[in-house]
Amino acid sequence: MRHGIRAFSGPGWEMVEVLYPFDEYSYFANPAPTHLKKGLTKIAKGTINTAAGAARMGMAVAAAKDTTRRNMENFGGGRESVYRILGRATISGAADLGRVIQGTEGALGASEEGGIHHYEWVIVNNATQQFVVV
């Protein structure tokens, strides 16, 4: 019969259910698994980095458009050519695009740490308190 008790385990003192605690062997789900699902982790991190790159580019383009629009709104006519004003507005917008891209470098994206882990069990020999992770 599967009897369970609640106990704390792991570096963060997570609550786990220990199964068969009074038999020769007991087991519980590892609250801090160590084995990564490498392929799935790689796909997830690639997806996150792609989305982060698109978000960075979207922010940069929005900043560039806003700068260009503001510079064009400041054009009051006069002797200066509209093409010269448009050229300067476009250049300042492109400069903003570069600044935003550089400013957000490394700020968005998946970290190198962590990942998607396999579900692991800790099996404990209750007599000797030796354990194995499977």
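Values reported hereafter were calculated over all heavy atoms of this structure, with side chains retained and with hydrogens, waters and symmetry mates removed.
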Closest non-hydrogen atoms of Glu120 and Pro33, given as atom of the first, atom of the second and distance, are OE1-CA, 3.2 Å

Backbone N or O of Tyr25 within a donor-acceptor pair of the Asp23 side chain at under 3.5 Å? no

Restricting to side chain to side chain contact (heavy atoms under 4.5 Å, CB included), what partner residues turn up for Thr41, sequence neighbours left out? Leu36, Lys45, Ile116

Evaluate Tyr27 against Val132 for side-chain contact (heavy atoms from CB on, under 4.5 Å), listing each step before the verdict. CA-CA 10 Å; Tyr27 64 96; Val132 63; over 6 Å; no

Taking side chain to side chain contact (heavy atoms under 4.5 Å, CB included) as the criterion, tell me which of Leu19, Val133, Asn30 meets it with Trp121. Leu19

Report, as yes or no, whether the 6.0 Å neighbourhood of atom CD on Gln129 holds more than 12 heavy atoms from other residues, nucleotides or ligands. yes

Where do Pro21 and Ser26 come nearest, in terms of heavy atoms and distance? CA-CB, 3.8 Å

Could you walk me through whether Asn125 and Thr128 satisfy the side-chain contact (heavy atoms from CB on, under 4.5 Å) test, starting with their C-alpha distance in whole Å, then the side-chain angles of each, then the deciding distance to 0.1 Å, before giving a yes or no? CA-CA 6 Å; Asn125 181 331; Thr128 65; 3.3 Å; yes

Show the nearest heavy-atom pair for residues Tyr20 and Asn126, with the distance to one decimal. O-ND2, 3.9 Å

Please check if atom NE2 in His35 has more than 12 non-hydrogen atoms from other residues, nucleotides or ligands closer than 6.0 Å. no

